[in-house]
Novice: 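Structure below; questions to follow.
All values below come from the heavy atoms of this structure, side chains included, with hydrogens, waters and symmetry mates left out. One-based numbering, in listed order, for ligands and for the atoms of each.
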Amino acid sequence: MDLSIIGSGYVGLVTGACFADVGHNVICVDNDPSKVESLQAGKVPIYEPGLEEVINRNVAAKRLRFTGSIKDGVDNSQVVFIAVPTPQAADGHVDLSFIEKVAREIAGVLSDYRVIVDKSTVPVKTGEKVAESIKRYNKHGAEFDVVSNPEFLREGCAVADLMKPDRIVIGAQSERAIDLMKKIYEPFMSPILVTDINSAELIKHAANSFLALKISYINAVSAICEASGADVEKVADGIGMDRRIGRNFLNAGIGYGGSCFPKDIAAFIKISEQLGVPFTLLKEVQRINASQKDRFLTAVRDALWVLREKKIAVWGLTFKPDTDDIRSSVAIDLVADMLKEGAHVTVYDPKGMEKAREVKEIAGATFAASALEAVEGAEALIVATEWSEFAAVDLETVKESMATPMVFDGRNLFDPQTMATLGFQYHSIGRHRVAPR
Ligand SMILES: NC(=O)c1ccc[n+]([C@@H]2O[C@H](COP(=O)([O-])OP(=O)(O)OC[C@H]3O[C@@H](n4cnc5c(N)ncnc54)[C@H](O)[C@@H]3O)[C@@H](O)[C@H]2O)c1
């Protein structure tokens with residue numbers, strides 16, 4: 001089928017590449033000329049495992065191309081996906097101006113029946129607004145259907161998630177649109193759930209909020225573990241073995257970040273308030289998440305006494321491993337907080353350095369060329385993202401390089417017993433402290 005995707009970011013680009021990989025003809029549209037130019041020149045502007053190969057393969061097969069023109073995309077496809085940002089406005093609402101602008105632009109060039117699919121994460125009832133907007137600006141009176149098709153990919157394994165999704169949610173009203181959507185997704189051989197538009201939109205916010213809730217739940221348990229001497233990993237294993245609960249998303253740490261969870265939970269709270277049914281449980285999820293980072297920083301302060309002039313190494317800047325995405329990363333917030341307190345912070349991340357250099361809040365940090373370079377002369381090491389590269393570093397060398405061997409593991413990457421045997425003063429989240437040998 002002929003498809004276009006408007007917005008070629010983490011979602012749009014990966015979706016476009018995977019649609020092309022199963023045989024569709026795909027046009028990826030973006031209004032950032034530098035992004036389009038670099039894609040046309042064969043340079044992929046984001047890091048996502050396996051993505052570059054999929055893009056190269058499908059560009060070579062002439063199933064995938066890039067353009068800055070919405071008209072080009074709409075004219076040459078049966079189904080038009082919208083994958084533009086839906087950032088958080090200052091008051092927690094979703095800023096839907098990107099979606100509204102694209103809806104208007106699509107309407108302006110619509111000349112024949114098209115299915116307009118919202119893939120961006122939006123509050124319930126946005127589909128109705130998109131349809132109204134397209135109707136209003138639809139100069140030629142062309143027929144169209146609006147569909148909600150939320151995306152559940154995880155950055156860091158987005159290609160794999162898109163090729164083999166747990167489920168595909170299609171929120172639509174018309175049989176014509178549903179048939180076309182099913183045809184697009186047929187090659188993926190995954191379960192398809194057809195719903196009304198409002199339910200599809202709500203599924204995405206409810207799913208992300210539930211995952212965030214699971215994280216905050218285990219983080220709250222980790223605080224109780226620390227206070228009582230229990231081990232949060234064992235507790236998570238014990239409750240996660242219950243198939244009704246599951247072990248995923250029960251990893252205690254310094255809290256969730258990224259471009260989705262914080263804004264989606266804030267948006268779900270806002271829309272629930274607007275609808276007159278405030279979802280107050282989610283406010284507690286937010287509070288626990290914020291307190292987890294604060295508790296961690298308190299532990300660092302308690303151990304180092306004062307942070308001013310302390311040389312602190314930070315491993316990890318991205319919000320999770322296997323991505324270059326640093327949006328709303330807790331690691332970045334930690335670095336910014338420590339810089340504010342006068343610490344000398346040296347950072348290293350396998351993929352996030354380029355983007356992190358542009359963040360003004362951490363401009364005072366030193367950017368190291370490797371994990372080992374970052375720890376040279378450090379009085380403390382903070383593990384803020386659980387990259388497997390860090391797990392493979394020679395810890396003996398780390399210890400020798402550091403001025404004082406103190407490690408604060410915000411992602412429980414290392415084993416407390418091993419760290420103690422190596423002679424580290426080791427702090428992790430919700431686990432037993434073992435005195436260094
Ligand atoms: N990143 C994720 O893991 C993820 C997962 C599921 C859902 N989502 C949702 O998908 C949406 C997109 O997220 P993202 O992470 O891909 O964002 P992104 O910022 O990486 O990409 C958005 C792209 O849209 C482009 N754009 C903006 N306005 C445009 C316009 N008028 N015309 C054409 N292009 C335009 C931008 O230049 C950018 O390249 C958001 O609603 C997000 O919540 C994201």
Novice: Sequence neighbours left out, what pairs pass salt bridge (charged side-chain N to carboxylate O under 4.0 Å, His left out) with at least one residue falling in residues 343-363?
Specialist: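 Every salt bridge (charged side-chain N to carboxylate O under 4.0 Å, His left out) pair that includes a residue of residues 343-363, provided the two are not neighbours, is Asp324-Lys355.
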Novice: List by chain and number: which residues place a heavy atom under 4.0 Å from ligand 1?
Specialist: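 Shell around ligand 1 (4.0 Å, heavy atoms): Ile6, Gly7, Ser8, Gly9, Tyr10, Val11, Asp30, Asn31, Asp32, Lys35, Ala83, Val84, Pro85, Thr86, Phe98, Val102, Ser120, Thr121, Glu151, Leu153, Glu155, Lys204, Ser259, Cys260, Lys263, Arg327.
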Novice: Students often mix this up, so state it plainly: with edges at 30° and 60°, are the rings of Phe261 and Phe249 parallel, tilted or perpendicular?
Specialist: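 Phe261 vs Phe249 ring planes: tilted.
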Novice: Among residues two or more places apart or on two chains, list those pairs meeting salt bridge (charged side-chain N to carboxylate O under 4.0 Å, His left out) that have a residue in residues 406-416.
Specialist: Glu386-Arg411
Novice: Over 60° means perpendicular and under 30° means parallel, so tell me whether Phe81 and Phe19 are parallel, tilted or perpendicular.
Specialist: tilted
Novice: Name every donor-acceptor pair, under 3.5 Å, that has one atom in a side chain of residues 155-163 and the other anywhere in the protein, sequence neighbours excluded.
Specialist:
residue : atom : partner : partner atom : Å
Glu155  : OE1  : Thr323  : OG1          : 3.4
Asp161  : OD1  : Arg154  : NH2          : 2.7
Asp161  : OD2  : Arg154  : N            : 2.8
Asp161  : OD2  : Arg154  : NE           : 2.8

Novice: Could you measure the distance from the CG atom of Asp2 to the CD1 atom of Ile184? Nearest 0.5 Å is fine.
Specialist: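 These two atoms lie 10.5 Å from each other.
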